[in-house]
Protein chains: 2
Amino acid sequence: MAKYKNVASDIIERIKKHEFKDIGKLPTEDEMIEYYNVSRNTIRSALKTLTSQGVIYSRQGSGFYIRQRSNDNCIPITGTNGLTYDFPHNTFTNVVLSIELLKADEILAKKMFCEVGDSIYFCKRLRILDDKKFALEFSYYNQKIVPYLGKEIAEKSIYNYLQDNLKLKFGFADKHISAIKLNKEQAELLELETGDPGLVIADTVYLDNGMMFNTSQVIYNYKYANFYAMAVR
Amino acid sequence: MAKYKNVASDIIERIKKHEFKDIGKLPTEDEMIEYYNVSRNTIRSALKTLTSQGVIYSRQGSGFYIRQRSNDNCIPITGTNGLTYDFPHNTFTNVVLSIELLKADEILAKKMFCEVGDSIYFCKRLRILDDKKFALEFSYYNQKIVPYLGKEIAEKSIYNYLQDNLKLKFGFADKHISAIKLNKEQAELLELETGDPGLVIADTVYLDNGMMFNTSQVIYNYKYANFYAMAVR
DNA sequence: AAGTGGTCTAGACCACGTC
DNA sequence: ACGTGGTCTAGACCACTTC
């Protein structure tokens, strides 16, 4: 791993251990250069990483300070690891409602940045968190990138399968957030009433080589869904 | 302005002019070093800025590529400029429902990171976009930082006032996103039905010196509100 | 093998805060 | 005036892609 990433992880560890708690301020760059025995730019790369993660912020002429945030029970909206990763302490059950291999029509082809007629997996899942009906997911995967998708995979974690077995590396994603009134079918699956709110997040996910491989629409149960986002300098 | 920021803006301009459209790829770093007559690190700072903005992405050993995104009519959730900025082509009307100067009780003090008894402005606004009842805003400002807040300011743009008149510089913000069922009062103001969905975004906003100065809860009309967020490497 | 981005170093000067 | 972060330069080597 790169030096600056090691430095960044180590600083996070030290923050978690409350090593700087009394002042809420990190050591100066020069002190960290000494401590880690690396160049100034390496320290600055590490600090820049932590700044964009919302862990710290800087005041020119003054120093780097630790941010205090309360994100209990919140899902980071900019995360690309999937819910299984976001809730390590809970048990997630996935009820696979259907898996189909579709031929893309014009609308789907546009959505998936692919050709008309390309094979696309369509997977419908109900995602249950500790007996709570948490979310309803409608997800599409390009078969060129995901050659096979079966019930046994979708019942566990699709994202773990893609990363660990297919060795896919995620690059970036676009997300659209809105709210809807649930129809009868959606409401029944989420054990809510027709017309109740649903928090909708539509994703378009790309690999690190820039190829789009997945779009999904997830309707979250408004009683449990709580997301957080950050705006940073 | 810093060189790398100028380079970044210029690259954005060139992308908008479709200068690289045929290949969707930027010139190599060496070519840009030549073109802009700056060092490699300066070019790389500019490219890093654009990458974190979601404008481009990089493939090691290959090059920098332009991202295509469709964010029509969407509000960037990580924006800190306020709605007036996000909708430059529309007319925003703000109906000021109330402005009060409160003494912080324990709950409010905790929310505002201030002392019990501190003076806090509380402002309730209905925000209307081209005759559409767009959002209902409940916003708190610490009087230590915002000494005065009046109806004449809140009817225009509070954020413009803070930036232009008080010369405040925004640093970063935390946001929490959820969905609720509207109660009778909220629904009437937004011209919706009781029990209809509301998309809620709760903000905690900090100045660039790390001081928290504003929290707000905004209930968006689900018929119009459409936000976007990005996850980037 | 050549091209291109990713990391790292050493050193310089500037801008802002603090005292 | 001094300390601290922000920007910039020149040069080196590594990792990955492309041919």
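When reading the values below, keep in mind they use all heavy atoms of this one structure, side chains included, and skip hydrogens, waters and symmetry mates. Chain A is the first sequence line, chain B the second, and so forth, proteins listed ahead of strands; every chain is numbered from 1. If you're wondering where the values come from, they're calculated on a predicted model, not measured in any experiment.
Going from atom CZ of B/R59 over to atom P of D/dT17 covers 8 Å, rounded to whole Å. As rounded to whole Å, 9 Å separates atom P of D/dT18 from atom CG of A/N209. Atom-to-atom, CD of A/Q60 to P of D/dG5 comes out at 10 Å; the value is rounded to the nearest Å. We find that CD of A/E31 is positioned 10 Å from C1' of D/dT4, with the value rounded to whole Å.
In this structure, B/R40 reaches the bases: a heavy-atom distance under 4.0 Å links it to at least one base atom across the strands shown.
For A/K25 and A/K169, each mapped to the nucleotide of DNA chain D holding its nearest heavy atom, the one lying further toward the 5' end belongs to A/K25. Nearest-nucleotide assignment on DNA chain C puts the 5′-proximal partner with B/P27, out of A/N37 and B/P27. Of the two residues contacting DNA chain C, namely A/K3 and B/D208, the nearest-nucleotide position lying further toward the 5' end is that of A/K3. Closest-nucleotide positions on DNA chain D for A/R44 and A/N41 were compared, and the one nearer the 5' end corresponds to A/R44.
In this structure, B/N94 contributes its side chain and B/K156 its backbone to a donor-acceptor pair below 3.5 Å. A/Q143 places a side-chain N or O within donor-acceptor distance of the main-chain N or O of A/P147, the cut-off being under 3.5 Å. Of the possible polar contacts, none joining the A/K25 side chain to the A/G63 backbone as a donor-acceptor pair under 3.5 Å is found. Side chain of A/N142 to backbone of A/K144: a donor-acceptor contact under 3.5 angstrom is found.
Under the 30°/60° scheme for interplanar angles, the aromatic rings of A/H176 and B/Y228 are found to be tilted.
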Audit row: B/I56, B/F20, side-chain contact (heavy atoms from CB on, under 4.5 Å) steps and yes/no: CA-CA 12 Å; B/I56 58 175; B/F20 318 113; over 6 Å; no
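Nucleotides of DNA chain C with any atom under 4.0 Å from a heavy atom of chain A span, from 5' to 3', C/dT7 to C/dT18.
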